[in-house]
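For the numbers below, each heavy atom of this structure counts, side chains included, while hydrogens, waters and symmetry mates do not. Whatever order the structure lists them in is the order used to number ligands and atoms, beginning at 1. Small disclaimer: the values here were computed from a predicted structure and weren't measured.
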Amino acid sequence: MKKILCISGSLRPTSTNTNILKVIPRLGTWPDTSFSLYEGLDKLPYFSPELDGEGATPAPTVADLRAQLKAADAVIVCTPEYAFGVPGVLKNALDWIVSSGEFVHKPTAVISASPMMTGGDKANASLVQTLKVMTATITEEQILTIPTVRTKIDAEGNVVDEGLKANLIKIVNSLVNTGVE
Ligand SMILES: Cc1cc2nc3c(=O)[nH]c(=O)nc-3n(C[C@H](O)[C@H](O)[C@H](O)COP(=O)(O)O)c2cc1C
């Protein structure tokens, strides 16, 4: 079984970014592939190196995030952009992974969705940079910005834009084919 872990950068219950992650498994048929949504972003403590150094035992929520990432064959991150940057809750989670290394060589897709024309491009670029410095494996076809997202998803959370649907399918195909043995 190939495992894909999905992480949303939004804590909103009706988040468009989380909806996209929830809808992805229904867009295609990927045999022997499972998708799970990480739901602990708001339970993580604020990162500090002192909480993670020698002799320190990281919180159970941090251990859980690391375990979920370690068990995953690939990761999809889908995030909004806040004030031209990556949401603090998501960056906080990534900071916990820098020294533990679960992103090393991990096939990872980076998606940003926004109601604006820019599609959250600055948060997307920043996130790619952060994940690449953690040596995640990110190819060009695994990077996607989604502009004017509210015209592409209906009230039930279905993707109603064929171009977006195709791009999301392409991302999963790419993760399944390149990264997962
Ligand atoms: C504090 C704040 C700052 C925001 N800054 C940006 C921004 O810089 N760029 C952008 O495209 N959208 C920005 N937005 C709009 C978000 O893209 C929009 O609220 C989006 O729907 C959030 O994603 P979600 O539906 O997954 O929660 C901002 C929203 C908030 C609340």
Side chains of S174 and Q142 only: does a donor on one sit below 3.5 Å from an acceptor on the other?
yes
Taking atom types as modelled and ignoring hydrogens, do the side chains of N158 and D154 form a donor-acceptor contact shorter than 3.5 angstrom?
yes
Is there a nitrogen or oxygen of T18 sitting under 3.5 Å from a nitrogen or oxygen of ligand 1?
no
N or O pair under 3.5 Å between T14 and ligand 1
no
Specify the protein heavy atom at minimum distance from [atom]: its residue, its atom name, and the distance to 0.1 Å.
atom                    : result
atom 1 (C) of ligand 1  : Y82 CD2, 4.6 Å
atom 13 (C) of ligand 1 : E81 O, 3.0 Å
atom 3 (C) of ligand 1  : A83 N, 3.6 Å
atom 8 (O) of ligand 1  : F84 N, 2.8 Å
atom 19 (O) of ligand 1 : R150 NH2, 3.9 Å

[X]: numbered ligand 1 atoms lying under 4.0 Å from its heavy atoms:
X    : result
N17  : 23 (O), 24 (P), 26 (O)
S114 : 10 (C), 11 (O), 12 (N), 17 (O)
P80  : 22 (C), 23 (O)

Which heavy-atom pair separates K152 from I146 by the least distance, and what is that distance?
CD-CG2, 4.1 Å
Is [Y] reachable from [X] through a run of I, L, V, M, F, W or Y residues, each pair having side-chain heavy atoms under 4.5 Å apart?
X   : Y    : answer
L90 : V149 : no
I7  : M134 : yes
V77 : I4   : no

For atom 20 (C) of ligand 1, state which one of P115, P147, G120, S15 supplies the nearest heavy atom.
P115
Kindly compute the distance separating CG (L5) from NZ (K70), expressed to the nearest 0.5 Å.
15.0 Å
When rounded to the nearest 0.5 Å, the distance separating NZ of K165 from CG of L27 is 7.0 Å
